[in-house]
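Quick note on labels: first sequence line is chain A, next is B, and so on, each numbered from 1. Predicted model, so just to flag it, every value in this text is computed and none were measured.
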Amino acid sequence: MLRGRITAEQVTRGTLRALASIPLAALAALVVILLVQALPAVRYNGLGFFTHDAWLPGSFYADPVTTHGVSHPPGASYGALPLIAGTLESSLLAMVLAVPVGIGTAMLVVEKLPARLSSAAGFFLEVLAGVPSVVYGLWGALTLGPWLARHVSPVIAAHAPDLPILRFFRGATGAGEGLFAAGVVLGIMILPIIAATTRDLLRQVPRQTVEGALALGLTDAESMRMVGFPWVRTGVLGAAVLGLGRALGETMALAMVSGTVLGASPHNFYDTFTTIAATIVSQLDSSLTDGTGFAMHTMAELALVLLAITLLVNVLARVIIHSVSGTALPVGRGV
Amino acid sequence: MTHSLAAARTDGGNSRRAGAQIPGSRSRHPDLLSPASTRAGVAAAPPALPPVLKTRDATMGFGLKTVLSSVTLEFRRGTINAIIGPTGCGKSTLLRAFNRMNDRSPTFWRRGSVEFEGCDVSAGTPDPLELRRRVGMVFQRPNPFPMSIRDNVVAGVRAHRLAPRRELAAVAERHLRQVGLWDAVADRLDDSPFRLSGGQQQLLCLARALAVEPDVLLLDEPTSSLDPATTEIVEALLRTLTPRLTLVLVTHNLAQAGRVAGTTAFLYDGRLVEAGETRQILAAPREPETVSYVTGRIG
Ligand SMILES: Nc1ncnc2c1ncn2[C@@H]1O[C@H](COP(=O)(O)OP(=O)(O)OP(=O)(O)O)[C@@H](O)[C@H]1O
Ligand SMILES: [Mg+2]
C-alpha cells in the first residue's frame, strides 16, 4: 500500500514538473529554431542589417549567387533599420497616449463612479480588450486614420515649432495611413489592458490608508494621487510593460494602418512606415517565392530581432520595478 | 453658541425627566453631560466655554439599520473625553460623524444635529475638507502613506498649503519632535515608514494628524494594536495636547480612560447610557448597564 502511494505521489510530482517545464522548453525550442533559420541571413546581412534602409529581395528569377557560403538571389540587400525604428516609434506613441489615459480611466472608475456604473465600465474595458486586432485595423484604416488626417494632423503640423526634434511633427500630413494613426490605434488597443490592470490594483489599496488621507482633509483626487497611486506604482509599471509588449508585437492592425512602406524610415510624424511584425506578415508570401530560401532566412532574423526587443523590454521593466521597490514603498503585488 | 451653564445648572429637575424619556440616560438634555460633570467643569474652569463638539438627538445608521439612537453629548474645549462601550455599540460611528467620514458610505443617514463649533458639520461651513483639517483623526491601526517618513508628516500640510515648501522640513521636524519620534527617525527621514515598528508608525500618524494644526483630534482605539510601553508613551503624549486640542478617544481599555480622560461616555447598543466625569463613571456608575460593563460583566 505504502509503496503504491509513494509511486503515485512521485508520478504526480513528475507530471507537474514536466508540465511546469513546458513553457521553458517551448521558448528554448523557439529560439533554437529561429536561430538556425536566421543563421544564413545573419551571416550575409551582417551588421549592416541594423544600419541601412534598403529592402531589396534581389532577382528571384536570375541564377542564385553564393556569398560567405550563403546562397541568395543576386542583388539581395536587406536593412531593418526602418522596421526597428517604426516598431519602436509607433509603440512609444501608443504608450504616451495609453498610459496616462489608462491610469486616469482606472482612477475615475474606482474613485468616482458609483458601483453599478463602475462595473459597466469594467465590462466595456474587457470587451474593448477582446476586440480582434483586425477590427481595430480596419477601423483605423477606414475611419480613424482619415479623420485624424483631416482634423488633427494639420493642426499639430501647423503648430509644431521648427526645432530639432519637434520638426518631426511638421510637414505633409498624408491621407491617414501612417505613424500617427498607427500609434493612436495601438494606443486604443492597449488602453484596456492598462486601465483594467490599474483598476484592479487600485481596488487593492487598503481602505484604511485612503481613509487616513481623506480624514486629513485631502480630496478624493489628492488621496488617489498621493496615497493610492504610489501604492500601485510598480504594478502599473507592469501593466504598462504588458501593454508595450502587445504594442511591439501587434501585427494585423499595423499592417493595415501603417501604409506598409518598405525601405524607408518615416520622414515625419504622419508618414507611412512599417514595423517588424507588419513586415513579416506582409512579406511572407513573396518570401516563399525566393527559391534560395534567403528571404525566409531574413524573415527569421526579423523575428529574432523582435523577440530580442520584447525580451529586452521585459528585462528592463524588471530592473526598473526592482529599483523602484528597493527605494521605498510597499510594493503592490502587481508584477 | 448660546447654551449656557446657567441653563445646565438649573436643570437638575429636567434631567430626571429626560432620563425618563430615554431610560438610563442622564444626558438627554443638550446642555448636560451629567450634573456631576457640569459641576466639576464649573469648579475647574469657571468661564463656561461653549462645547467644541456636540450632538443633539443624533440618530444615525446605515440603510435600514439604526446604529445610534438619539445621542446627545458635548465635548468641551481642551478636554480629553473617552467613549467606551461593547463592540458594535456604535462608538466608531459616533466618532466618524464628527468629521463626516460616515458620509463615505452611500447608505449612511442621520437625524438630529452633530455640531462642530456651533455649526452642523453637514452645513458646509467649514467645508468638509476644512472640517477634516480642523477635526483630525487617528485610526486603530497605523496607516502611514506610501511615501517617505518626512512626506508622511507633511502630507496634509502640503495639501492644505499651510506652509511654503521651504518650511516643510522644519514643520516635519517640529511635529516628529512633538510625538517623540525625532531621535529615532532623524537619520532616515527619506526612508519608507513601513520599516518602522507598529508603535513608531502610530506615532508618525499622530504627527501627521497634528501637523495640520487641528482643533480636535478623534482617536479610534489608537493604542489597541500597541504594546503597553508604547501605549504609555501615546497616553503621555495625548495629555500634553490639551488644552490646545480637544480629544475624543474611543477605547476598549477602561484603565486607559481612567488614566487620560476627564469625561467618559458609555454607549450601549446605540444608546448613550451614561456620561460624566471619568472617575464617577468608572468608580460609581449610576446605570445598571454601566455597572455591568465597568465590572466586566458585559462587553
Ligand atoms: N459602513 C457601514 N455600513 C453598514 N453598517 C455599518 C457600517 N459601519 C458600521 N456599521 C454597523 O454599525 C454598527 C456599529 O459599528 P461601529 O463600528 O460604530 O461599532 P464600534 O462601537 O466602533 O465597535 P468596535 O468596538 O468593534 O469598533 C455595527 O453593527 C456595524 O455593523
Ligand atoms: Mg470601532
Note to self: When you compare the side chain of A/M226 with that of B/F145, does any pair of heavy atoms fall below 4.5 Å?
What the structure shows: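 Of all side-chain heavy-atom pairs linking A/M226 with B/F145, none is under 4.5 Å.
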Next item on the list: Side-chain contact test, heavy atoms from C-beta onward, threshold under 4.5 Å: evaluate it for A/L214 versus B/R132 and give yes or no.
Entry: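 The answer is yes; the side chains approach within 4.5 Å.
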Heavy-atom proximity to chain A below 4.5 Å, by part of [X]:
X      : answer
B/R96  : side chain
B/R104 : side chain
B/P214 : neither

Check: Quick one: what part of A/S223 sits under 4.5 Å from any heavy atom of chain B, side chain, backbone, both or neither?
Finding: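 Neither; nothing under 4.5 Å.
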Check: A/E222 versus chain B, heavy atoms under 4.5 Å apart: side chain, backbone, both or neither?
Finding: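 Contact with chain B is through the side chain of A/E222 alone.
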Margin query: A quick test of your reading: do over 12 heavy atoms of other residues, nucleotides or ligands sit less than 6.0 Å from CZ of B/R244?
Written below: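 Counting neighbours around CZ of B/R244, 12 or fewer heavy atoms of other residues, nucleotides or ligands fall under 6.0 Å, so no.
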Notebook entry, point to check: Under the criterion side chain to side chain contact (heavy atoms under 4.5 Å, CB included), which of A/V205, A/V232, A/T209 is the partner of B/P146?
Noted result: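 By the side chain to side chain contact (heavy atoms under 4.5 Å, CB included) criterion, B/P146 pairs with just one of A/V205, A/V232, A/T209: A/T209.
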Item checked: Test item: B/H160 side-chain N/O and A/L216 main-chain N/O as donor-acceptor pair under 3.5 Å ->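 Such a contact is found between B/H160 side chain and A/L216 backbone.
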Check: Picking from B/E130, B/R208, B/R100, which has the most non-hydrogen pairs under 4.5 angstrom with chain A?
Finding: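 Highest number of pairs under 4.5 Å: B/R208.
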Next item on the list: Give the member of B/M137, B/M101, B/R158 that has the highest number of heavy-atom pairs under 4.5 Å with chain A.
Entry: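 Option with the top pair count is B/M101.
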